[in-house]
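These notes concern the structure reproduced below.
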Amino acid sequence: MHDLNFIRENPNLFDLGLKKRFLEPQSQIILDLDLKKRDLLTKSQDLRSERKNLSASFSQLNDEDKAVLQKKVQDIKNDIDQYENEISKIDSQLKDILSSLPNLPHADVPIGEDEKSNIIIKKMGNIPTFSFKPKPHYELGEELGMLDFDQAGKVSGTRFVYVKNHLARLERAIANFMLDKHTSDFGYMEIIPPNLVRDAAAYGTGQLPKFSDDLFKTNTDHWLIPTAEVPLTNLFLDTIVLDKTLPQRYTAWTPCYRSEAGAAGRDTRGMIRQHQFSKVELVSITNEEDSEKELERMLNCATSILDDLKISYQVMLLSSGDMGFSAEKTYDIEVWLPGEGKYREISSCSNCRSFQARRMNARYKSDEQNKFVHTLNGSGLAVGRTLIAVLENYQNEDGSITVPDVLLPYMGDIKVIKKF
RNA sequence: GGAAGGAUGGCUGAGCGGUUGAAAGCACCGGUCUUGAAAACCGGCAAAGGGGCAACUCUUUCCUGGGUUCGAAUCCCAGUCCUUCCGCCA
């Protein structure tokens with residue numbers, strides 16, 4: 001949601017921001033509506049004021065004057081109703097426009113229509129070399145008998161998988177390792193959030209109203225969360241917190257459900273793109289001064305996981321056309337997958353500034369003034385894709401998987417995952 | 001699924017149809033005191049929006065939407081949400 005005051009004061013900046021997103025200018029339309037609304041508002045307020053003053057003298061009047069007054073107030077009331085009808089129409093038009101426009105890109109963000117304009121910020125680790133041809137994760141998993149796409153297809157359809165046996169344990173180990181690190185080393189509070197949310201929450205983080213097609217809905221009109229960002233950020237839905245309690249940092253390991261409506265035909269093999277996957281999410285709530293440095297901090301929390309796993313990756317600064325709806329600046333972390341021979345997204349860390357907070361009405365008290373909090377979210381990391389990365393990077397020639405050192409404490413006495 | 005109760009400021013919680021934007025307490029901010037802090041005491045403290053260069057002023061808001069009334073936090077209707085009890089159940 002955009003700040004109407006900002007648009008009033010900086011219509012050109014606003015349109016420029018939209019242009020960076022490859023959208024048509026909107027400030028003129030918005031300001032025209034705003035002007036019209038304020039004009040009507042002033043009129044209706046004057047009438048209200050008049051009515052109030054008339055009513056105040058009511059008890060001192062004689063019966064005849066009372067009757068006159070009643071008639072007069074009735075007329076005023078009709079006029080007020082008319083004005084207010086028009087006002088509420090304009091209001092809903094304004095809201096429709098403002099709530100469907102994406103956040104404006106930060107000045108750092110490169111301008112470009114798609115991922116081709118993303119900028120590589122850093123590369124960590126060398127691309128590993130193998131003395132044999134590395135396999136993709138789905139071949140490794142199926143040959144181990146621990147990824148079962150066929151039966152999942154029968155039971156649930158495409159884009160589902162059974163993860164079995166030691167790979168299931170490995171996935172749990174990965175998630176636990178991430179959670180332990182984020183809570184113990186980085187000060188995030190662990191949360192087990194609701195996995196079903198209402199409209200208001202999905203609206204608050206920006207999934208609604210535009211992206212309902214990407215979500216699953218229950219017959220109770222709940223939405224299945226597409227990411228824990230939704231329930232974690234909405235911890236602040238309709239609240240006011242004290243400035244000194246910020247920043248607040250939360251992490252959760254949850255399943256994520258996505259309809260993948262627009263992804264037909266993409267990544268159909270393997271578990272890169274599933275309707276259900278698990279993810280460890282990071283969410284930070286800060287005041288308006290601290291959000292930029294918090295984004296850098298969050299990025300480091302996420303990349304440290306890959307550093308510890310000793311898997312190479314690159315960090316991308318997303319271009320204006322590749323960013324999500326609510327973000328003003330986003331870093332993607334892309335991990336090297338030897339089986340595919342390319343980097344694939346494993347995390348996305350975004351600063352949404354006050355964009356979500358406005359939708360959620362999430363504020364903090366600062367110098368006796370209420371301001372909107374800044375919200376940030378990032379994957380720390382996508383657990384399913386981390387499993388893929390471990391499989392492909394730690395594969396051996398015989399198809400077995402060596403367990404990374406940092407995961408050994410979570411794997412019992414399993415050091416190598418191999419076929420029985 | 002059955003029954004009952006409730007929704008008021010950041011929180012708790014008062015509120016005969018007419019200066020009630022709303023008592024009180026807590027929290028918060030400023031001050032006095034103190035070596036410092038705490039305590040105590042004094043003062044301040046809802047939000048959103050309109051008009052005005054400004055001091056200021058006006059309007060709206062007591063869950064939402066309708067209605068009754070000259071006038072609604074207060075009365076009526078509908079809806080949403082929450083709580084409690086019973087039943088079922090992990």
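Hydrogens, waters and symmetry mates are skipped; everything else that's a heavy atom, side chains included, is used. Residue numbering restarts at 1 for every chain, and letters A, B, ... go by the order of the sequence lines.
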Expressed as a whole number of Å, how far does the [atom1] atom of [N] sit from that of [M]?
| N | M | atom1 | value |
| --- | --- | --- | --- |
| B/rG18 | B/rU74 | C1' | 12 Å |
| B/rU60 | B/rG9 | C1' | 16 Å |
| B/rU57 | B/rC63 | C1' | 30 Å |
| B/rG21 | B/rA72 | C1' | 14 Å |
| B/rA46 | B/rC41 | P | 22 Å |
| B/rC76 | B/rU69 | P | 15 Å |
| B/rG2 | B/rC88 | P | 15 Å |
| B/rG5 | B/rU59 | P | 38 Å |

Quiz item: With nearest nucleotides of RNA chain B determined for A/Leu242 and A/Thr42 from heavy-atom distances, which residue corresponds to the more 5′ nucleotide?
Solution: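 Per heavy-atom nearest nucleotide, the more 5' residue is A/Leu242.
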Quiz item: Closest nucleotide of RNA chain B for A/Ile240 versus for A/Asp46: which of these residues is on the 5' side?
Solution: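 Closest to the 5' end, via its nearest nucleotide, is A/Ile240.
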Between [X] and [Y], does the ring centre distance come in under 6.0 Å?
| X | Y | answer |
| --- | --- | --- |
| A/Phe355 | A/Phe325 | yes |
| A/Phe216 | A/His222 | no |
| A/His275 | A/Tyr257 | no |

Quiz item: Salt bridge check: are A/Asp15 and A/Lys20 linked by an N-O gap of less than 4.0 Å?
Solution: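 No salt bridge links A/Asp15 with A/Lys20.
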Self-check item: Side chains of A/Ile285 and A/His374 in contact at under 4.5 Å (non-hydrogen atoms)
Solution: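 No; the side chains remain at least 4.5 Å from each other.
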Practice problem: Please determine which of A/Lys329, A/Arg249, A/Arg353 meets the salt bridge (Lys or Arg N to Asp or Glu O under 4.0 Å) test together with A/Glu294. | Solution: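 For A/Glu294, the salt bridge (Lys or Arg N to Asp or Glu O under 4.0 Å) test succeeds with only one of A/Lys329, A/Arg249, A/Arg353, which is A/Arg249.
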Could you give the [atom1]-to-[atom2] distance, from [X] to [N], as a whole number of Å?
| X | N | atom1 | atom2 | result |
| --- | --- | --- | --- | --- |
| A/Arg48 | B/rG71 | CZ | C1' | 13 Å |
| A/Ile87 | B/rA48 | CD1 | C1' | 14 Å |
| A/Ile76 | B/rU69 | CD1 | C1' | 15 Å |
| A/Phe372 | B/rA47 | CZ | P | 12 Å |
| A/Lys43 | B/rG51 | NZ | P | 13 Å |
| A/Tyr83 | B/rU60 | OH | C1' | 18 Å |
| A/Ile80 | B/rG67 | CD1 | P | 13 Å |
| A/Lys365 | B/rC11 | NZ | P | 10 Å |

Which base, if any, makes a Watson-Crick or G-U wobble pair with [N], both distances under 3.5 Å?
| N | result |
| --- | --- |
| B/rC81 | B/rG6 |
| B/rG71 | none |
| B/rG43 | B/rC29 |
| B/rA55 | none |

Nearest listed nucleotide, side chain of [X], among [options]:
| X | options | answer |
| --- | --- | --- |
| A/Leu41 | B/rU60, B/rA47, B/rG49 | B/rG49 |
| A/Ser49 | B/rG49, B/rC58, B/rG71 | B/rC58 |
| A/Asn370 | B/rC82, B/rG49, B/rA47 | B/rA47 |
| A/Lys244 | B/rU59, B/rG49, B/rC29 | B/rC29 |
| A/Gln45 | B/rC82, B/rG49, B/rA47 | B/rG49 |

Exercise. Kindly confirm or rule out a cation-pi arrangement of A/Lys95 over A/Tyr203, judged by NZ or CZ under 6.0 Å from the six-membered ring centre and within 45° of its axis?
Key: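 Yes - A/Lys95 lies over the ring of A/Tyr203, closer than 6.0 Å to its centre and within 45° of its axis.
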Quiz item: If only side-chain N and O atoms of A/Arg38 are considered, is one of them under 4.0 Å from the OP1 or OP2 phosphate oxygen of B/rC58?
Solution: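 For A/Arg38, the contact criterion (side-chain N or O under 4.0 Å from OP1 or OP2 of B/rC58) is not met.
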Quiz item: Closer than 4.0 Å, any side-chain N/O of A/Arg8 to the OP1 or OP2 of B/rG50?
Solution: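 For A/Arg8, the contact criterion (side-chain N or O under 4.0 Å from OP1 or OP2 of B/rG50) is met.
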